[in-house]
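Fair warning: this is a prediction, and the values are worked out from it, not measured in the lab. Order of the sequence lines sets the chain letters (A, B, ...), proteins ahead of strands, with each chain counted from 1.
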Protein chains: 2
Amino acid sequence: MVPESLRRGCVPEATVGRLPLYLRALTGLHDQGVTSIASEELASRSGVRSTQLRKDLSHLGSYGVRGVGYDVELLAAQIAQELGLTQQWPVVIVGMGNLGRALAAYGGFSGRGFRIVALVDDDPEVVGTVVEGLTVTTLADLATKGPTVTIGVITTPAPAAQAVADELVAIGVRSLLNFAPGHLVLPDGVDVRGVDLATELQILAFHEQRRLLAISTHDPLSPAADTEAIG
Amino acid sequence: MVPESLRRGCVPEATVGRLPLYLRALTGLHDQGVTSIASEELASRSGVRSTQLRKDLSHLGSYGVRGVGYDVELLAAQIAQELGLTQQWPVVIVGMGNLGRALAAYGGFSGRGFRIVALVDDDPEVVGTVVEGLTVTTLADLATKGPTVTIGVITTPAPAAQAVADELVAIGVRSLLNFAPGHLVLPDGVDVRGVDLATELQILAFHEQRRLLAISTHDPLSPAADTEAIG
DNA sequence: ATGACTTTGTGAACGCTTGCACAAAGTCGC
DNA sequence: GCGACTTTGTGCAAGCGTTCACAAAGTCAT
Ligand SMILES: NC(=O)c1ccc[n+]([C@@H]2O[C@H](COP(=O)([O-])OP(=O)(O)OC[C@H]3O[C@@H](n4cnc5c(N)ncnc54)[C@H](O)[C@@H]3O)[C@@H](O)[C@H]2O)c1
Ligand SMILES: NC(=O)c1ccc[n+]([C@@H]2O[C@H](COP(=O)([O-])OP(=O)(O)OC[C@H]3O[C@@H](n4cnc5c(N)ncnc54)[C@H](O)[C@@H]3O)[C@@H](O)[C@H]2O)c1
């Protein structure tokens with residue numbers, strides 16, 4: 001029951017970030033009836049190099065068969081166990097606005113190791129309403145009479161995010177997924193991941209601008225090109 | 001007008017990923033009336049170390065004053081220019097479901113260098129309806145009589161994502177933000193960033209499980225503990 | 001003006017991540 | 001059975017990113 005990686009040493013953070021990609025690809029293959037797959041093929045479906053895939057998997061143990069490849073079902077089960085998806089983690093979404101409702105309506109949670117067990121808002125107009133089969137409560141009610149949750153998803157406006165995070169931590173939540181822009185300051189031992197749309201778009205914009213500048217300046221490597229043409 | 005970094009050499013990818021964080025912190029400081037800030041303070045508000053902040057900024061040029069810090073407005077302008085946010089990039093959202101509507105309703109675009117200029121769906125019930133002041137069109141109409149777009153946001157179900165991406169690339173879009181789970185295969189020169197909720201949650205679950213296992217095993221650091229108990 | 005102090009900018013060291021090369025270990029045809 | 005072939009798993013080297021240590025360059029009080 002203890003993941004193999006605890007015996008073999010720790011899994012690098014970069015690898016952890018890719019395991020979900022592999023699991024997703026494997027799940028798709030399984031649904032298509034594929035029972036076995038080579039690292040080359042699985043890697044291309046995951047968007048990584050095959051050497052990287054094999055090194056990543058080597059951190060969990062040897063579940064491949066040389067000359068053949070990996071058993072889809074077995075490997076998926078091993079990765080799922082490594083990620084802790086053999087159980088259903090209880091999730092709360094705080095902030096039932098546009099984004100919170102979209103997430104609550106999203107069906108991709110339950111099949112992947114998570115279950116939304118509570119929805120929270122602080123607007124009296126919203127509290128008490130039923131969204132996707134769950135009655136929206138307040139954070140105070142969640143603390144006193146709500147179900148236990150281990151993962152908190154924050155979809156409130158940015159100014160409320162820090163206070164919400166503090167309250168979630170106070171009731172024992174150690175894992176947070178924050179959609180509100182801005183950096184949360186939290187005690188050690190609490191894991192926060194931020195998803196920021198504006199950040200993603202700005203990174204795209206950077207590369208887009210680079211492409212355009214590369215075209216407009218004839219010789220991007222020449223020091224004279226940009227000062228001449230634009231300045 | 002050409003970013004300083006083109007003269008000083010290229011900006012590391014990891015730095016590009018953090019520039020939006022700095023810009024966000026600077027914008028907040030500016031709104032609070034702060035005119036000058038030291039790297040230590042700005043770093044803590046961005047969630048990074050001050051040495052990292054300074055090294056990141058050093059790739060764009062020297063805009064700080066030793067002994068004082070950075071001029072908030074000037075630095076924000078420099079980062080905005082570096083990210084290509086001096087113009088408003090036209091964005092199309094494809095897939096007007098729950099998530100697409102939430103994104104369309106989100107006001108955080110316009111102030112940050114982006115403007116939604118088109119909304120697309122393929123459901124006849126949805127096409128022609130007005131969402132947030134824009135009439136929903138089809139991809140075909142976007143190609144023929146729609147406005148020029150440079151960034152495409154994909155919020156369709158996963159099975160449609162690849163086809164949508166191909167069509168967007170065909171009409172000249174080179175930057176994609178994909179919310180559908182799965183890996184998109186696209187020609188070189190096209191920039192794709194994927195945002196996957198399940199992936200983020202699974203990474204959180206991994207660490208959550210690690211915490212729980214660390215508690216259940218009495219002495220995680222002892223070499224004897226795991227070999228003894230398991231092997 | 002000067003000296004003490006503050007803060008930036010950066011070369012160098014360190015650690016993590018990726019990619020390469022290849023041995024180990026299996027399958028498959030005959 | 002055996003040889004040819006396929007594919008995995010991994011030591012090693014190269015590259016990238018982060019952190020450290022410190023000189024350079026400014027401010028400020030006097
Ligand atoms: N909507 C998007 O597409 C989008 C995209 C990127 C980021 N975001 C971010 O996600 C967050 C939510 O976006 P949205 O569009 O859903 O906003 P919204 O205004 O529609 O919804 C916010 C909800 O949070 C609730 N709320 C406010 N303070 C609260 C508190 N202290 N406790 C509990 N609930 C509280 C409000 O009552 C409201 O229902 C914002 O921070 C936004 O910046 C949204
Ligand atoms: N809703 C969420 O919170 C959430 C979270 C994470 C990921 N996602 C992903 O985002 C995507 C959208 O989620 P959703 O909940 O909004 O789904 P949805 O079913 O509510 O909306 C999908 C929309 O896309 C449209 N569509 C389908 N095929 C299309 C095509 N070929 N061209 C144009 N439009 C097309 C549909 O008509 C529909 O309006 C899904 O891939 C989902 O997995 C959603």
Between A:K55 and A:R66, which has a closest nucleotide on DNA chain D that is more 5'?
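Nearest-nucleotide comparison on DNA chain D picks A:R66.
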Taking for each residue the nucleotide of DNA chain D with the nearest heavy atom, is it A:G64 or A:G67 whose nucleotide lies nearer the 5' end?
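Mapping each residue to its closest nucleotide by heavy atoms, the 5'-most match is A:G67.
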Where is the tightest heavy-atom contact between [X] and [Y], given as atom of each residue plus distance?
{"X": "A:A158", "Y": "A:P181", "result": "CB-O, 3.5 Å"}
{"X": "B:G84", "Y": "A:Q209", "result": "CA-OE1, 3.2 Å"}
{"X": "A:R193", "Y": "B:E200", "result": "NE-OE1, 2.5 Å"}

Kindly determine whether B:R210 and A:E82 satisfy salt bridge (charged side-chain N to carboxylate O under 4.0 Å, His left out), including the steps that lead there.
CA-CA 9 Å; B:R210 277 294 157 103; A:E82 188 66 36; 3.1 Å; yes
Can you tell which of [options] lies closest to the side chain of [X]?
{"X": "A:T51", "options": "C:dA21, C:dT7, D:dC12", "result": "C:dA21"}
{"X": "A:Q52", "options": "C:dT8, C:dT17, C:dT18", "result": "C:dT18"}
{"X": "A:S62", "options": "C:dT18, D:dG9, C:dT8", "result": "D:dG9"}

What is the separation between atom CG on B:L75 and atom C1' on C:dT7, rounded to the nearest whole Å?
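From B:L75 CG to C:dT7 C1': 14 Å.
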Taking the nucleotide of DNA chain C with the closest heavy atom to each, which residue, B:S39 or A:V65, is nearer the 5' end?
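The residue whose closest nucleotide sits nearer the 5' end is B:S39.
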Would you mind telling me which residue lines up with the more 5' stretch of DNA chain C, A:V68 or B:I37, judged by nearest nucleotide?
B:I37
Counting only side-chain nitrogens and oxygens, does A:R54 get under 4.0 Å of the OP1 or OP2 atom of D:dT8?
yes
Does a nitrogen or oxygen in the side chain of A:Y70 sit under 4.0 Å from OP1 or OP2 of C:dG26?
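No, no such contact exists.
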